Amino acid sequence: MLMKAEPNQQALQAADEGTPVSVKIRERLLAARRRFHANDNIADYVQPGELEALLDEVESKMQGVLDSMVIDTSSDHNTVDTARRVAKMYLNEVFRGRYVRPPTITEFPNAEHLNELMIVGPITVRSACSHHFCPVIGKIWIGVLPNEHTNVIGLSKYARLAEWVMGRPQIQEEAVVQLADLIMDKTQPDGLAIVMEASHYCMAWRGVKDMDSKMINSVMRGVFLKDAALRREFLALIPKRNGGN
């Protein structure tokens with residue numbers, strides 16, 4: 001026989017049903033004392049089915065933004081579904097790296113005891129700046145110096161890891177550090193070097209409107225920090241960055 005919920009339980013259930021899903025996720029993060037900045041991954045605190053509910057919530061808030069911009073979406077055939085499209089773009093595409101767990105990476109032992117410099121790139125990366133949510137489009141080169149204990153991963157997996165990290169509102173300097181931390185944790189090499197070159201549309205599309213400026217930064221870990229010759233070898237082996245030729 002089904003037991004009827006106590007009045008207090010019924011009230012709690014009703015209140016919970018009326019609570020926005022974003023509030024529920026935020027409360028879990030706060031209870032766990034976990035940070036949830038723009039470039040943090042919060043997948044562990046999103047329960048099954050909540051991403052779909054979050055999509056509806058973001059759509060509703062985005063519709064409010066369009067209304068506040070005095071855009072008549074009810075009769076404008078170009079913007080009638082824009083709120084939904086933008087919500088799907090943010091949650092399912094450009095900021096997906098915030099809401100899904102890291103890609104599955106198959107790791108293999110370094111059976112042949114490889115210890116020579118390996119470079120992967122250019123890997124095309126797409127992100128958005130945290131300040132204006134304008135696109136950041138660029139390329140990454142990754143140099144790895146393995147040791148006999150290093151976990152070997154497939155070349156395409158470096159691109160998957162980069163996509164996961166960059167799929168959040170980012171600042172380029174922080175994004176490269178996040179990617180370096182992730183690869184170091186996954187592979188445990190003697191050294192890791194990453195160079196990123198990107199165009200920032202917060203400079204090209206707005207502000208100074210400079211279409212040609214790019215930002216280049218690097219992260220060096222392990223032996224790349226200590227061995228200047230190895231560092232020079234890595235940088236010399238990267239093809240000309242203007243198109244990779």
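Starting from 1, each residue takes its place in the sequence as its number. Only a predicted model underlies this, so the values are computations on that prediction, with no experimental measurement involved.
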Worksheet item: Among side-chain atoms of Lys24 and Thr19, is any donor-acceptor pair under 3.5 angstrom?
Response: no

Practice prompt. Verify the distance criterion only: is there a donor paired with an acceptor across the side chains of Asp76 and Thr73 at less than 3.5 Å?
Written response: no

Can you tell me how far apart [atom1] ([X]) and [atom2] ([Y]) are? Round to the nearest 0.5 Å.
| X | Y | atom1 | atom2 | value |
| --- | --- | --- | --- | --- |
| Ile194 | Leu179 | CD1 | CG | 4.0 Å |
| Arg221 | Asp190 | CZ | CG | 14.5 Å |
| Trp141 | Ser218 | CH2 | OG | 12.0 Å |
| Tyr45 | Leu30 | OH | CG | 11.0 Å |
| Arg231 | Met220 | CZ | CE | 7.0 Å |
| Lys186 | Lys157 | NZ | NZ | 12.0 Å |

Item to complete: Report the C-alpha distance between Leu155 and Met118 in whole Å, list the side-chain angles of each, state the deciding distance to 0.1 Å, and finish with yes or no for side chain to side chain contact (heavy atoms under 4.5 Å, CB included).
Response: CA-CA 10 Å; Leu155 296 183; Met118 177 188 72; 4.1 Å; yes

Decide whether [X] and [Y] are clustered together by the hydrophobic rule: side chain heavy atoms of Ile, Leu, Val, Met, Phe, Trp, Tyr closer than 4.5 Å, transitively.
| X | Y | result |
| --- | --- | --- |
| Trp164 | Met184 | yes |
| Leu55 | Val80 | no |
| Val58 | Val23 | no |
| Leu237 | Phe224 | yes |
| Ile238 | Leu145 | yes |

Which heavy atom in [X] sits nearest to a heavy atom in [Y], and how many Å separate them?
| X | Y | result |
| --- | --- | --- |
| Ala162 | Val125 | CB-CG1, 4.1 Å |
| Ser130 | Ala38 | OG-CB, 4.2 Å |
| Gly97 | Arg168 | O-NE, 3.1 Å |
| Val136 | Ala198 | CG1-CB, 3.8 Å |
| Pro189 | Asn147 | C-ND2, 3.8 Å |
| Val21 | Ala53 | CG1-C, 3.8 Å |

Discussion item. Once salt bridge (Lys or Arg N to Asp or Glu O under 4.0 Å) is applied, do any residues pair with Arg34, and if so which ones, sequence neighbours excluded?
Written reply: none

Would a 4.5 Å heavy-atom cut-off, applied to side chains only, mark [X] and [Y] as touching?
| X | Y | value |
| --- | --- | --- |
| Tyr158 | Ile140 | no |
| Leu29 | Glu27 | no |
| Thr104 | Arg160 | no |
| Ile25 | Glu50 | yes |
| Asp212 | Asp210 | yes |
| Glu197 | Lys214 | yes |
| Met166 | Arg126 | no |
| Phe133 | Cys202 | no |

Practice prompt. State which residue, out of Ile183, Ile105, Val144, fulfils the side chain to side chain contact (heavy atoms under 4.5 Å, CB included) condition with Ile153.
Written response: Ile105

Response to the item:
From the list Val195, Ile119, Leu192, Leu161, side chain to side chain contact (heavy atoms under 4.5 Å, CB included) partner of Ile142 resolves to Leu192

Fill in: Neighbour count >12 (heavy atoms, 6.0 Å) for atom CZ, Arg26
no

Discussion item. Please determine whether the number of non-hydrogen atoms from other residues, nucleotides or ligands lying under 6.0 Å from atom CZ of Arg28 exceeds 12.
Written reply: yes

Item to complete: Please list, chain by chain and in numerical order, all residues satisfying side-chain hydrogen bond (donor to acceptor under 3.5 Å, both in side chains) with Ser156, sequence neighbours excluded.
Response: none

Discussion item. I'd like to check the side-chain hydrogen bond (donor to acceptor under 3.5 Å, both in side chains) partners of Glu57; sequence neighbours left out, ordered by chain and number.
Written reply: Ser22

Throw together a table of side-chain donor-acceptor distances under 3.5 angstrom for residues 170-178, partners on residues two or more places apart or in other chains.
from: Gln170; atom 1: OE1; to: Asn39; atom 2: ND2; distance (Å): 3.2
from: Gln170; atom 1: NE2; to: Val165; atom 2: O; distance (Å): 2.9
from: Gln170; atom 1: NE2; to: Gln178; atom 2: OE1; distance (Å): 2.7
from: Gln172; atom 1: OE1; to: His200; atom 2: NE2; distance (Å): 2.6
from: Gln172; atom 1: NE2; to: Met196; atom 2: O; distance (Å): 3.3
from: Gln172; atom 1: NE2; to: Met215; atom 2: O; distance (Å): 3.2
from: Gln172; atom 1: NE2; to: Asn217; atom 2: OD1; distance (Å): 2.7
from: Glu174; atom 1: OE1; to: Asn39; atom 2: ND2; distance (Å): 3.0
from: Gln178; atom 1: NE2; to: Asn39; atom 2: O; distance (Å): 3.1

Fill in: CA sep, side-chain torsions, deciding dist, call: Leu91, Arg96, side chain to side chain contact (heavy atoms under 4.5 Å, CB included)
CA-CA 5 Å; Leu91 295 184; Arg96 179 176 172 80; over 6 Å; no

Discussion item. Once side-chain contact (heavy atoms from CB on, under 4.5 Å) is applied, do any residues pair with Asp44, and if so which ones, sequence neighbours excluded?
Written reply: Arg101

Worksheet item: Should the pair Asp56-Arg84 be classified as a salt bridge under the 4.0 Å nitrogen-to-oxygen rule?
Response: yes

Worksheet entry | Hydrophobic cluster partners of Trp205 (side-chain heavy atoms under 4.5 Å) | Ile137, Tyr201

Discussion item. Between Glu93 and Tyr90 (side chain of the first, backbone of the second, donor and acceptor by atom type, cut-off under 3.5 Å), is there such a pair?
Written reply: no

Discussion item. For the backbone of His37 and the side chain of Asp40, can you confirm whether one donor and one acceptor N or O come within less than 3.5 Å of each other?
Written reply: yes

